[in-house]
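Input: a single structure, listed below in structure tokens.
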Amino acid sequence: MTPLLEVQNLTKSYPVGRKGLFGKRMMQVLRDVSLSVHPGEVLGLVGESGSGKSTIGRAVLRLIGADSGTIRFEGQDLSAISSTDLRRLRKDMQIIFQDPYASLDPRKTIRAVLTEALDTHKLHLGTARAERLIGLMEMVGLNPTFLDRRPHEFSGGQRQRIGIARALAVEPKFIVCDEAVSALDVSIQAQVLNLLADLRAKTGISLLFISHDLSVVRYISDRVMVLYLGKVMEVGPADQIHFDPEHPYTAALISAEPSLKHTSQRIRLTGEIPSPLTPPSGCVFRTRCPYALPACAETVPPLRDAGQGRMKACIRDDIL
Amino acid sequence: MTAIPVRATRKTRLLPGFPRCMILPTLLLAALILIPFAAPLITGADPVQIAVRDRLAPPSFAHWLGQDEFGRDRLARVLYGGQVSLTVAFVATTLACIVGTLFGLIGAYFRGPFEFLTTRLSDVVLCFPPILLALLVVTLFGPGAGTLVAVLSVLYFPSFARIAFSEALRVSSLDFVEASRALGTPSHRIVLGTILPNIAGPVSVQYSLTAAAAITIESGLSFLGLGVVPPAPSWGQMIRGARQFMSQDPLGILIPCVALTLTIYAINFFCDRLRDTLDPKGALGGGKDETSVPVAAGMVPADETADVVASVRDLRLDLMRPGGPVNVIEDVSLTLRANQCTALVGESGSGKSLTSLALMGLLPGAVRQARGALRLRRKSGEMVDLGALNAKELEGLRGNDVAMIFQEPMTSLNPIHKVGAQMVEAILSHRAMSPSDARARAISLLELVGINEPARRFDGYPHEMSGGMRQRVMIAMALTCEPRLLIADEPTTALDVTIQAEIIELLQRLRTEYANGLSLLFISHNLGIVAKIADRVAVMYSGQVVEEGPAAQVLNDPHHPYTVALLESMPSSHEDLHSARGDRLRAISGTPPLLDARPSGCTFHNRCPIAVSSCADARPPLFVSADGDRQVRCFRAPEAGLEAAR
Ligand SMILES: Nc1ncnc2c1ncn2[C@@H]1O[C@H](COP(=O)(O)OP(=O)(O)O)[C@@H](O)[C@H]1O
Ligand code: SF4
Ligand code: SF4
Ligand SMILES: [Mg+2]
């Protein structure tokens with residue numbers, strides 16, 4: 001099956017401060033990231049804050065430009081198409097944000113928010129419009145009589161549903177969920193996760209599901225990708241990554257996750273995450289890796305096949 | 001039982017949505033602007049008709065405000081002059097506003113060369129003192145209303161460009177603008193339809209300020225003879241003319257001055273109110289610093305043994321609202337014991353933070369303690385009733401006997417001072433010791449909380465540290481005076497899991513290693529962390545403690561339906577479920593009630609899966625387990641073997 005979204009060798013830097021009079025110092029936040037999302041698949045993206053998760057999410061939607069690498073959506077190279085074509089393509093790829101407060105315009109009613117989406121792509125015009133708006137509200141579990149209310153009249157969980165309705169309005173094939181449930185209380189988080197699970201079952205939509213909560217990612221994703229300092233550490237089927245991590249960083253993350261079941265001993269990481277301005281040579285994780293060898297400092301470990309549909313970027317096979 | 005507070009129904013207003021505090025300034029301003037333009041209705045006199053015989057005539061029936069040095073009717077002149085002054089000021093301000101806002105919007109949304117153009121152009125214009133620039137241009141192009149408008153708009157457009165630029169930059173980075181871009185909405189629709197309405201507030205405040213300034217400068221230039229050309233009236237012209245006859249005829253100078261002052265006052269009054277109305281923070285009555293005082297209880301609870309470090313008894317807190325007090329915390333009791341960690345868990349808005357702030361004597365000004373006792377053991381061993389202390393004594397207690405750390409350490413550290421200096425200040429404010437001893441103590445504390453190279457970090461700034469390190473510094477600062485009780489309000493929520501685990505381990509270690517031992521009140525919504533650190537757990541829902549007991553028992557064998565549901569809804573409780581297999585998580589239906597709209601009966605009854613009809617009628621009391629160690633606020637608790645409290 002050809003992937004819906006295919007990203008190859010994506011790199012991205014941001015300018016930080018000044019260097020000399022005119023030069024800008026660049027901070028590399030994505031290093032050679034490749035990923036693919038198949039139709040109907042949910043790819044989970046985990047990693048600590050600043051590891052570049054959101055940058056990937058925005059880059060694959062072309063909301064920000066990348067330095068190099070290709071992004072193909074249904075086979076079309078997004079960096080090569082015209083801005084008109086890109087606008088048309090936006091119907092198929094949407095985003096849901098973390099902050100339910102910042103993601104809605106405080107001045108617009110829910111009707112205006114959803115109408116903007118439909119108008120832009122000339123969908124459900126005329127009499128079909130009213131029906132569509134009601135259908136969208138029901139799909140995300142909101143009372144259609146709320147359509148003329150403004151965001152401040154809703155709770156965080158309800159706002160998140162509105163954000164989901166906005167993304168669904170244009171019937172996308174792919175949605176980036178950037179920490180879409182992280183700001184919600186546990187009971188509400190479960191409701192929204194169920195909503196996403198129902199959508200999967202009903203519409204076969206594909207998701208890039210970004211989160212720092214490993215249990216949430218395990219529940220919702222088919223495959224999980226682990227990111228550290230803008231570099232892919234490990235990719236593989238969600239259950240396998242969660243219950244049997246191969247990469248030392250994944251193992252450390254999972255062992256640090258506070259769980260009600262006191263299971264395995266926590267793998268202690270030494271020191272703090274290095275600054276992306278001065279990344280370690282060789283394996284970027286080596287300054288905190290409990291299994292680092294001198295060889296780890298020399299070459300960047302390639303992302304290699306680890307069997308059973310898994311890939312990892314670690315030179316050692318004799319651990320974990 | 002407790003009646004549910006009903007919000008006072010609002011009186012219907014003439015203009016729905018028009019804030020009441022804006023009515024007076026708007027009417028005043030409208031009147032002052034409209035009166036000059038109603039001049040023909042007020043007086044039939046011609047403002048430029050000269051009557052030399054009647055020069056400087058005092059007020060009469062025909063000329064209510066008298067006549068000026070050329071015998072012209074002063075009332076007509078002040079009214080028609082007002083027309084000119086106001087027209088010049090408002091036309092110039094409007095032009096500056098439109099041009100400046102467009103520049104700012106385009107610069108902020110498209111960035112790149114547009115940003116450069118906007119910021120540099122504004123910088124250049126802003127370099128000149130306004131009055132000097134105005135003088136220069138008027139001298140070059142000659143006086144007149146047209147020149148004035150041109151000069152004033154050039155003068156004022158940069159301030160609009162700046163405000164629009166910075167505000168638009170802020171709004172553009174918000175997710176809802178990104179969402180519009182992701183939807184493919186065309187740029188002009190985003191800029192005009194989404195960003196512009198969201199920066200309208202600050203821009204309109206700037207508009208009022210600028211209009212006031214423009215009136216002043218117009219008058220100033222006309223006064224200098226560089227503005228409106230005589231004989232056309234303007235307020236500046238009138239002052240200029242009357243100046244020479246000031247001693248003979250003070251009224252002449254008084255009239256335009258009063259008109260000018262009144263107008264500017266009205267505009268400023270309008271501005272101030274507008275700013276308060278548009279700024280949600282400004283509109284809140286009562287500053288954050290203002291706190292309300294605990295009330296004295298006068299009774300000593302029977303179960304207060306020597307190992308109790310703090311106790312909350314039957315605490316009831318009310319939120320003061322214009323329509324009357326609204327009860328937000330109801331009958332909360334907690335007992336914190338020496339070297340124990342008590343976790344307060346619950347969803348946002350359940351009242352965790354308010355309860356802990358009450359224990360610090362730090363309730364926000366709008367919250368009043370209506371009932372209950374808050375008692376704290378001092379380091380001396382004496383148990384004090386917070387309600388019996390005055391503000392100064394409470395202050396002495398904070399930091400010394402009880403300390404607090406928060407979710408976002410950056411907001412509690414001053415970014416412009418070095419970490420060490422802030423710690424030394426905190427130590428010296430509670431202890432008499434030499435600065436060098438304080439420094440040594442600060443460094444040893446940094447070491448205690450696991451900061452590498454503490455001496456180097458001592459001289460660093462907060463922004464040079466990562467979030468985890470800043471939280472360690474906050475803990476070190478909280479420990480400066482060796483408090484017995486540390487209240488930690490979601491201390492790890494903003495941190496990554498690996499760092500979070502380290503902070504939890506640090507707190508665990510401190511409990512045993514630190515001085516005389518430390519009791520923790522640990523507030524969290526994360527049950528996984530609570531399982532790691534807590535000895536006892538109190539679960540809060542809608543302002544009440546619904547279940548309390550030993551952590552292991554509550555988390556492994558919860559009795560209250562809310563605790564059960566909370567544990568069930570965590571994805572980590574169900575490692576066998578997966579969305580791809582069509583599994584659903586066991587979510588709690590509905591949403592938690594808002595604190596000011598708590599349901600009657602059991603506050604959980606509208607979401608409770610096992611509710612019976614009587615649950616909606618009365619608040620359930622606390623039921624106690626046979627060994628007295630667990631408490632549950634649920635009518636169905638007896639089914640689990642709990643009994644009604646005596
Ligand atoms: N607009 C920006 N300008 C400069 N640096 C940025 C910008 N956006 C993100 N970064 C930096 O890029 C890195 C990765 O950020 P991000 O993708 O947001 O990570 P994550 O989503 O995993 O937390 C961080 O170091 C962050 O500070
Ligand atoms: S390559 Fe070396 S440093 Fe990197 S994860 Fe593997 S063992 Fe650790
Ligand atoms: S009292 Fe009734 S509604 Fe409340 S938690 Fe118990 S069973 Fe549920
Ligand atoms: Mg992010």
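Just so it is clear, the model here is predicted, and its values are computed rather than measured. Letters go in sequence order (proteins before strands), and every chain restarts at 1.
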Flag for A:Ser187-B:Glu347: side-chain donor and acceptor within less than 3.5 Å = yes
Check for a donor-acceptor pair, side chain of B:His578 on one end and backbone N or O of A:Arg218 on the other, with a separation under 3.5 Å.
-> yes
For B:Ile504, is it the side chain, the backbone, both, or neither that has a heavy atom closer than 4.5 Å to a heavy atom of chain A?
-> neither
Tell me, side chain or backbone of A:Asp198 under 4.5 Å from chain B's heavy atoms, or both, or neither?
-> side chain
If you measure from the Lys or Arg side-chain nitrogens to the Asp or Glu carboxylate oxygens, is any gap between B:Glu505 and A:Arg266 under 4.0 Å?
-> yes
Considering all heavy atoms of both residues, which atom of A:Ile188 and which atom of B:Arg607 are nearest to each other, and what is their separation?
-> CD1-NH2, 4.3 Å
Before accepting this row, confirm whether a basic side-chain N of the pair B:Arg581/A:Asp239 lies closer than 4.0 Å to the acidic partner's carboxylate O.
-> yes
Contact origin within A:Ser103 toward chain B - heavy atom pairs under 4.5 Å = both
B:Asp175 side, atom CG; A:Leu104 side, atom CG - distance, nearest 0.5 Å = 9.5 Å
On a heavy-atom basis, the closest approach of A:Gln191 and B:Gly590 is NE2-O, 2.8 Å
Any donor and acceptor pair, going by atom type alone, linking the side chain of A:Glu257 with main-chain N or O of B:Val497 inside 3.5 Å?
-> no
Test log, rule side-chain contact (heavy atoms from CB on, under 4.5 Å), inputs A:Arg288 and B:Thr498 | CA-CA 11 Å; A:Arg288 298 173 76 202; B:Thr498 56; 3.7 Å; yes
Residue from B:Ala182, B:Pro571, B:Ala587, B:Ser569 scoring the most non-hydrogen pairs under 4.5 Å with chain A is B:Ala182
In terms of heavy-atom pairs under 4.5 Å with chain A, the winner among B:Ser573, B:Gly349, B:Ala501 is B:Ala501
Between B:Leu555 and chain A, which part of the residue has a heavy atom less than 4.5 Å away: side chain, backbone, both or neither?
-> side chain
Under the 3.5 angstrom rule, does the side chain of A:Arg90 hit a backbone N or O of B:Leu183 as a donor-acceptor pair?
-> no
Per-residue contact mode, A:Ala117 against chain B (heavy atom under 4.5 angstrom) = both
Exam field: side chain B:Ser579 to backbone A:Ala197, donor-acceptor pair closer than 3.5 Å | no
Per-residue contact mode, A:Gln189 against chain B (heavy atom under 4.5 angstrom) | side chain
Closest non-hydrogen atom pair, B:Gly193 against A:Lys108 = O-CE, 3.8 Å
Which region of A:Val216, side chain (C-beta onward) or backbone (N, CA, C, O), has a non-hydrogen atom less than 4.5 Å from a non-hydrogen atom of chain B, or is it both or neither?
-> both
Among B:Gly468, B:Ser180, B:Gly346, the residue with the most heavy-atom pairs under 4.5 Å to chain A is B:Ser180
Taking every heavy atom of A:Arg166 against every heavy atom of B:Ala179, the minimum-distance pair comes out as CZ-CB, 3.3 Å
Highest number of heavy-atom pairs under 4.5 Å with chain A: which of B:Glu568, B:His574, B:Met570, B:Glu575?
-> B:Glu575
Checking A:Asn194 side chain against B:Leu585 main chain: does a donor-acceptor pair fall under 3.5 Å?
-> yes
Between A:Pro106 and B:Phe176 the two heavy atoms that sit nearest each other are CD-CE2, 3.7 Å
Calculate, to the nearest 0.5 Å, the distance between atoms CG and CD1 belonging to A:Leu269 and B:Ile499 respectively.
-> 8.0 Å
Residue among B:Thr194, B:Asn556, B:Asn452 with most heavy-atom pairs under 4.5 Å to chain A = B:Thr194
Is the side chain of A:Tyr219 donor-acceptor paired with the backbone N or O of B:Ser572 at a distance under 3.5 Å, no angle test?
-> no
Contact part of B:Asn198 toward chain A, heavy-atom cut-off under 4.5 Å: side chain, backbone, both or neither?
-> both
With no hydrogens and no angle check, is any side-chain donor or acceptor of A:Asp185 less than 3.5 Å from a backbone partner on B:Ser348?
-> yes
Residue A:Phe243 versus chain B: region with a heavy atom under 4.5 Å | side chain
Assess whether atom CZ of B:Phe110 is packed by more than 12 heavy atoms of other residues, nucleotides or ligands within 6.0 Å.
-> yes
Assert top hit (heavy-atom pairs under 4.5 Å, partner chain B, pool A:Ser221, A:Ser275, A:Pro258, A:Ala238) equals A:Pro258
Contact class of B:Ser589 relative to chain A, heavy atoms under 4.5 angstrom | backbone
Just do the salt bridge (Lys or Arg N to Asp or Glu O under 4.0 Å) check on B:Glu178 and A:Arg58 with the steps written out, would you?
-> CA-CA 9 Å; B:Glu178 188 108 304; A:Arg58 282 165 173 69; 2.4 Å; yes
Closest heavy-atom contact between A:Thr120 and B:Arg189?
-> OG1-NH2, 3.9 Å
Atom group of B:Ala565 that falls short of 4.5 Å from chain A, counting heavy atoms | neither
